[in-house]
K.L.:
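Have a look at this one before I ask anything.
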Amino acid sequence: MILVIGVLVGLFVVPDPWTVPVIAAAAVLEVVETFVSFRIAKRFGRPRVGPERLPGATGRVVTTCRPRGQVRVRGEVWQARCEAGADVDDPVRVIRRHGLVLDVEPISEP
């Protein structure tokens with residue numbers, strides 16, 4: 001966008017000897033803006049959505065987990081494995097994910 005504005009200003013606004021320097025300055029600014037934008041995007045990384053964000057999430061037991069059952073985490077029902085065991089409606093925390101099965105542990109309610 002900066003380059004387009006620079007070309008328009010260079011062609012229609014500034015006097016003739018300044019046309020090339022204005023367009024060149026706009027091109028340099030455009031390259032710098034693009035570089036900075038890519039650096040910022042790379043620094044903050046890709047947004048983590050989906051199953052990558054499940055470890056650490058909390059949910060509730062849907063069917064008794066002794067050791068296998070189902071849990072509802074973030075509105076979705078998952079197959080789960082809970083070595084300690086958990087009853088229906090107990091709060092659980094996701095430890096890790098193995099394919100479509102979550103390893104969970106019971107947590108105490110505050």
Side-chain angles (χ1 to χ4, degrees):
M1 190 69 186
I2 293 173
L3 183 58
V4 172
I5 293 170
V7 169
L8 293 174
V9 168
L11 292 176
F12 299 112
V13 177
V14 296
D16 196 31
W18 288 97
T19 300
V20 173
V22 167
I23 293 173
V28 168
L29 283 174
E30 184 73 30
V31 169
V32 169
E33 178 198 17
T34 303
F35 177 74
V36 170
S37 297
F38 281 127
R39 293 284 291 183
I40 290 172
K42 185 176 180 182
R43 182 176 192 176
F44 291 107
R46 294 177 37 202
R48 291 181 51 185
V49 295
E52 295 86 16
R53 290 198 58 175
L54 286 174
T58 59
R60 294 235 175 232
V61 177
V62 175
T63 61
T64 304
C65 289
R66 297 199 186 272
R68 291 197 169 267
Q70 292 181 333
V71 296
R72 180 178 303 276
V73 178
R74 295 195 175 126
E76 296 178 341
V77 177
W78 291 81
Q79 296 295 319
R81 186 176 65 207
C82 182
E83 295 300 328
D87 294 321
V88 174
D89 209 35
D90 285 351
V92 292
R93 176 175 293 114
V94 178
I95 301 170
R96 68 186 65 85
R97 178 181 63 91
H98 297 286
L100 297 176
V101 178
L102 302 178
D103 286 343
V104 297
E105 64 182 2
I107 56 175
S108 60
E109 293 186 273

K.L.:
Using the rule that Ile, Leu, Val, Met, Phe, Trp and Tyr join whenever any side-chain heavy atoms are under 4.5 Å apart, tell me whether Leu3 and Val36 fall into a single cluster.
P.N.:
no

K.L.:
Roughly how far apart are Ile95 CD1 and Cys82 SG, rounded to 0.5 Å?
P.N.:
7.5 Å

K.L.:
Treating Ile, Leu, Val, Met, Phe, Trp and Tyr as nodes and any side-chain heavy-atom pair under 4.5 angstrom as an edge, say whether Leu100 and Val104 lie in one connected cluster.
P.N.:
yes

K.L.:
Any donor and acceptor pair, going by atom type alone, linking the side chain of Thr19 with main-chain N or O of Gly10 inside 3.5 Å?
P.N.:
yes

K.L.:
Output the distance between atom SG (Cys65) and atom CD (Glu83), rounded to the nearest 0.5 Å.
P.N.:
10.5 Å

K.L.:
Would a single hydrophobic cluster contain both Val28 and Ile23, if residues Ile, Leu, Val, Met, Phe, Trp and Tyr are joined by side-chain heavy-atom contacts under 4.5 Å?
P.N.:
no

K.L.:
Among all residues two or more places apart in sequence or in another chain, which pass the side chain to side chain donor-acceptor pair (under 3.5 Å) test with Arg66?
P.N.:
Asp87

K.L.:
If you round to the nearest 0.5 Å, how far is CG of Leu102 from CZ of Arg81?
P.N.:
10.5 Å

K.L.:
Can you tell me how far apart CZ (Arg72) and OG1 (Thr58) are? Round to the nearest 0.5 Å.
P.N.:
13.5 Å

K.L.:
Begin from the C-alpha positions of Trp78 and Leu54 and carry the test side chain to side chain contact (heavy atoms under 4.5 Å, CB included) through to its verdict.
P.N.:
CA-CA 11 Å; Trp78 291 81; Leu54 286 174; 3.4 Å; yes

K.L.:
Might you point out which heavy atoms bring Ala57 and Val73 nearest each other, and give the distance in Å?
P.N.:
CB-CG1, 3.8 Å

K.L.:
Can you tell me how far apart CD (Gln79) and CZ (Arg97) are? Round to the nearest 0.5 Å.
P.N.:
14.5 Å

K.L.:
If you take all heavy atoms of Gly6 and Ala26, which pair is closest and at what distance?
P.N.:
CA-CB, 3.5 Å

K.L.:
Could you go through the side chain to side chain contact (heavy atoms under 4.5 Å, CB included) check for Glu30 and Ile2 one step at a time?
P.N.:
CA-CA 6 Å; Glu30 184 73 30; Ile2 293 173; 3.3 Å; yes

